[in-house]
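Here is the structure we will look at.
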Amino acid sequence: MKKVTKCAPQLAIKQLGSAFDRFFNGKSGYPKPRKKGKDDRFSLSNDQFSVKGRSIKIPNLGWVKMTENLRYKGKILSAKIFKQGGKWFVSIAVELTQIEKLKPKTGLSIGVDLGVSNLATLSNGEVIPSNAPLKRQLAKLRRLNKSFSRKKKGSQNREKAKAKLSRLHYKIACLRKNNLHQVTTDLVTRFDVIAIEDLNVKGMLRNRKLARAISDMGFYEFKRQLIYKAKQHGKSVLSVGRFFPSSKMCSCCGELNQSLTLSAREWKCLVCQTIQNRDVNASINILRYADKDLITA
Ligand SMILES: [Zn+2]
């Protein structure tokens with residue numbers, strides 16, 4: 001308690017209070033104790049810190065340099081200070097009265113089919129490949145993981161390997177997020193209406209084979225980014241239900257291909273004879289049948 005600012009335990013106690021509330025309401029399990037050195041973080045309310053140019057004043061620490069200026073002008077609400085990949089970060093919440101520059105309307109709509117081998121396929125036939133640097137880092141991750149588990153518990157070398165691993169995890173998270181940000185910003189810039197599939201990510205993760213690839217793609221993160229960006233710029237995001245047969249349905253005649261396997265990349269419709277690319281066909285169906293508004297929902 002003496003080592004850290006009093007603001008750190010203050011919020012932790014409040015959070016413990018709400019954790020117990022959730023526990024007694026049956027919404028979540030018994031709160032687990034936190035450990036120093038693991039997921040270190042604390043929050044500050046706006047009367048406990050101040051920002052000036054590229055510096056932030058934190059209780060007990062004084063002025064600390066930041067790598068960049070606060071990009072948004074508005075009322076500062078709170079700050080969260082946390083450690084990730086061996087580095088310290090501050091996340092500052094700012095209330096904005098108005099978005100400065102809205103993306104212009106284009107009058108165009110698009111269907112997006114999120115995939116495993118490719119990040120996404122669009123209903124106009126465009127394919128967005130998944131990030132290649134990310135794949136390389138994942139190979140490195142497997143190697144480091146192995147080397148870490150071989151190190152003796154409690155040894156210096158294990159600590160070193162742990163730090164290395166945590167830095168790599170951070171790097172991978174950054175690459176992944178950056179890739180998704182580029183794609184979601186591009187979609188919101190080019191289209192007014194974006195139709196996606198409401199995937200049951202949890203259900204899919206249970207399928208071990210696909211799990212790795214799917215969690216890598218960050219479907220949940222994709223959806224989250226798309227919705228908040230569309231909201232900011234007055235665009236819409238629509239979705240089709242989880243059980244809509246977007247892959248099986250022929251986008252020309254509506255026939256359902258019940259014999260379609262998971263591995264078939266192309267198939268021929270038995271009724272209208274059209275040769276369908278699995279992902280493009282799915283994205284066309286998604287665009288056509290999406291009716292749930294995710295912005296207002
Ligand atoms: Zn057909």
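In this text, all values refer to a predicted model and were calculated from it rather than measured experimentally. For reference, positions follow the sequence shown, starting with 1. Note that ligands are numbered from 1 as they come in the structure, with each ligand's atoms numbered from 1 the same way.
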Inset, instruction - Could you give me the CA-CA distance, side-chain angles and deciding distance for Ser45 and Gln48, then say whether side chain to side chain donor-acceptor pair (under 3.5 Å) is met? - result: CA-CA 6 Å; Ser45 55; Gln48 294 167 328; 3.2 Å; yes

Please list every donor-acceptor pair under 3.5 Å in which a side-chain atom of residues 21-31 meets a protein atom from a residue at least two apart or in another chain.
{"residue": "Asn25", "atom": "ND2", "partner": "Asp21", "partner atom": "O", "Å": "3.1"}

Legend entry - Residue list, side chain to side chain donor-acceptor pair (under 3.5 Å) with His181, at least two apart or on another chain: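 Partners of His181 under the side chain to side chain donor-acceptor pair (under 3.5 Å) test: Gln225, Lys229.
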
Legend entry - Those residues that, when tested against Asp186, pass side chain to side chain donor-acceptor pair (under 3.5 Å) (two or more places apart):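 Here the qualifying residues are Arg190.
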
Inset, instruction - Search all heavy atoms of Gly234 against all heavy atoms of Lys105 and return the closest pair with its distance. - result: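 Where Gly234 meets Lys105 most closely, the heavy atoms are O-NZ, 2.9 Å.
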
Inset, instruction - Take the Zn ion (ligand 1) and tell me which protein N, O or S atoms are nearer than 2.8 Å. - result: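 Short answer, with waters excluded from the count: Cys250 SG, Cys253 SG, Cys269 SG, Cys272 SG.
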
Inset, instruction - Kindly indicate, with the supporting measurements, whether the criterion salt bridge (charged side-chain N to carboxylate O under 4.0 Å, His left out) is fulfilled by Asp279 and Arg265. - result: CA-CA 8 Å; Asp279 300 332; Arg265 305 316 309 164; 2.8 Å; yes

